[in-house]
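What follows is a short report on a single structure.
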Amino acid sequence: MQDHPDLHDVAVDLARIDWADTPLGPIADWDTRLRTMAGFVLRSPAPVCLFWGAAGTMIFNAEWRAGLGPFHACVLWRNLADVQPAFAHVYAGALAPDPDFERPGFAAVLEPAMWRVLVDRPGAGLSCRVIPGDKGEISGILVQRRLGTVTEPRVPNRSAFLLRLSDQLRRIDDPDTIQQTATRMVGQVLGADRVSFAEIDPEAQVAHERCEYRRDPAAPPHEMTHRLREAGPALGLLQMGVPLLVRDVLAPNGSPADGAAAEVLGYAIAPFRAHMAVPVMRQDVFVSAITVRFDAPHDWTAEEVAIAQEAAVRTWEAVERARAETALARNLALHRALFESIEDGVCLFERLPLRPDGLRDYRYITMNPAMQAMFGISDLSGQSIRDNFPDGGEDWYDDYDRVLDTGEPVRIVRQSEPQGMFLEVFIARVDGLEGEVLLAVLRDVTARVRAAEAVRESENRLREALYEVEEVFAQVKNDPRIPPKGTTALPADMRPLDEVVGRTHWEIPQGTDDSRIGQLHKRALVGGEPVSLEHRYEWPDGTGATWLDIRALPVPKGLAVFWRAISRRKEAEEALRQSELRLRIAQKAAGVATFDWEIRRSEMTWSPEALGMMGLQAGVLGGSYEDWIAMIHPDDLPRATEQIEWALEDGELEGEWRILRPDGETVWVLVRGIVERDEQGRPVRLSGAQVDVTERVRMEEMVRLRLEYLSAQIERLRGRLDPDGD
């Protein structure tokens, strides 16, 4: 070190890195050639990077970092072999003994990886030269930015072309047509012989290359499917987001020009000579690519890479947009079909301001055909409830207001006197929609109510008759048949006593001695303990059925068996289950997730839609407030917690923030909720809903960026038209 003062300065400059932990070892052990080249790199006014040793350890200067890096595959890593095996493979080949001093192969890999920093530098490129060590062996590669002769671009203005492309794709709704239009426009602007678009199935690890543009329609097609698991280093570059460029796949003797060319030819169906493939990445996942081919050798430029790359991204975004819109339209059609096919009356309605006469009023948003038929009315969407049903009782409006104000759904059975009907109505608040919106599900239960009244009358008469007898279905242990005297049979199916005398009790409500009813009596007889069973008894003549609650009680002479009809309760339970199922289906179709926070106990409950939105399985998310806010993106957490705390004071929550899913995906959600308070005014519950608005946020950001770009273009045009600023 004392004999080489310049090298001492190099050691000082590199001392911030512990080189002992790298394959190069401590600086004191470096040979003279490595120290000399390191000094050259650090003092060069141009961007320079030295790759040294078998691992390709990188030493680069500030100009390289500022002007050309970092780029995707070499983000400040020290060893090329640790960054990307495909890069390391090409690098290792460049170090192999060869009489040629120039190594264009390595530059051919680096240039497409760095097209973003070369595209706006006309004539810029990379020069790669191998560097021997002290013993004469090839020990590294020196990469410098070179400046070539500036020539006229081979393609029209890139920005103008991309604007035309976006304008064309925006008008197309079919994904296949989008791909066909994009490949045709890219092929025409680049003068290529072939352009194809490939979609990637990340799970199956398969690339489907289709929608190929061919300048010569008579040329054989090149559409095919690649298996990514069988990919070599060349295709591995694409999976890392690096474009793949091959000037000529064939050497003069007709064999593959190099390893990358051999790999590309292995996938080929139709003949070609020059090959360029540019990937599209989403969250570091390879999702699609555009491939451009020429029938003759072709020297690719950064401008051509830029056009292909931007076109690939815009094509993929257009395809995603078209598929999302198609899925949305399908969901809306499905939701509408479901809405219109429900046999119960269903409507959405919203609260209106008080009328001039001081009365409350609501307005229909939409109603299904079943509701129109139920009331014998036309579609009243957009019309006032008070105007169409002026005789409606105020108790209806009390229920509406209570559900809106508390968020607690209600289920009521009430007589609608103007229509002469009894209605079973389920009313729930719909969160996530603009305004104060309610959902109502109505069922005409007039016949059921009348029948229930008749049943109650009959039951009252039966109960009075039962009170007059000493035993109800007493049965002897050794003979469970109904005796001819001293026993009264429950006339569940209105059969006279002489038709049941001599039969077992389980034969009256149909069954056998091995049926649930027969087993019930036997367990009571053998075990001497009371037993009970709910049984659906079908009438012998097939005209009806009755749900019975059957209880068998041990008595000194045998058993006392009590039967009680529970059909109304069973029907109500089934109606409740069906209504809740329909509500869940509608909620799932609308993509609305709900939550409920009991503030004092800090307990949270989530709907399945909420867990799916956050990328979680049932039972994974804890049930506390802390578990909730832990899902919020750290950058949005201060604002989100401030909005939640403000809601506890104000009474209403409305916020928009990001959720960070366990798989790394970020989801934007719109959250709204209402705070419930106790008698002292303290917050006790926050109930609400959240909706995935990621697509809306992305579209707004895309519009903002495009407006900024257009504004910049307008300002640039103004400068050209008025160079003096007048």
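To the nearest 0.5 angstrom, T326 atom OG1 is 7.5 Å from D174 atom CG. Atom CG of residue L354 and atom CG of residue L359 lie 8.5 Å apart, to the nearest 0.5 angstrom. Here the straight-line distance linking atom CZ of R414 with atom CG of D399 works out to 4.0 Å at 0.5 Å rounding.
No more than 12 heavy atoms of other residues, nucleotides or ligands shown are found within 6.0 angstrom of CD on E679.
Looking at W316 and E320, their side chains do bring a donor and an acceptor atom within 3.5 Å of each other.
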- Task: Before giving the answer on ring-ring contact (aromatic ring centres under 6.0 Å, His included), spell out for W628 and F595 the whole-Å C-alpha distance, their side-chain angles and the decisive distance to 0.1 Å.
- Result: CA-CA 10 Å; W628 178 26; F595 63 88; 5.2 Å; yes

- Query: After noting the C-alpha distance and the side-chain angles of D361 and I385, does the key distance pass the side chain to side chain contact (heavy atoms under 4.5 Å, CB included) rule?
  - Reply: CA-CA 7 Å; D361 200 0; I385 295 181; 4.2 Å; yes

- Message: For R355 and D387: C-alpha separation, side-chain torsions, deciding distance, then whether salt bridge (Lys or Arg N to Asp or Glu O under 4.0 Å) applies.
- Response: CA-CA 11 Å; R355 296 160 54 102; D387 289 343; 3.0 Å; yes

- Test log, rule salt bridge (Lys or Arg N to Asp or Glu O under 4.0 Å), inputs R282 and E317: CA-CA 11 Å; R282 285 292 180 268; E317 290 175 348; 3.4 Å; yes

- Query: salt bridge (Lys or Arg N to Asp or Glu O under 4.0 Å) between E695 and R323: does it pass, once the steps are laid out?
  - Reply: CA-CA 12 Å; E695 185 63 24; R323 287 176 176 158; over 6 Å; no

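A donor-acceptor pair is defined here as one N or O able to donate and one able to accept, closer than 3.5 Å; such a pair exists between the side chain of D627 and the backbone of S624. With R386 contributing its side chain and D391 its backbone, the two residues share no donor-acceptor pair below 3.5 Å. Between the side chain of R677 and the main chain of R685, no donor-acceptor pair closer than 3.5 Å is present.
In terms of the side chain to side chain contact (heavy atoms under 4.5 Å, CB included) criterion, residue partners of E325 (sequence neighbours excluded) are, by chain and number, D173, R321.
Note on residues 648-659: pairs passing side chain to side chain donor-acceptor pair (under 3.5 Å), not counting sequence neighbours, are D636-R658, E654-R672, E656-R696.
Taking every heavy atom of both residues into account, D405 and I674 meet most closely at O-CG2, 4.2 Å.
Among E436, R360, R363, the one residue that satisfies the side-chain contact (heavy atoms from CB on, under 4.5 Å) test with R351 is E436.
Aromatic ring orientation, Y397 versus Y400: perpendicular (interplanar angle above 60°, classes split at 30° and 60°).
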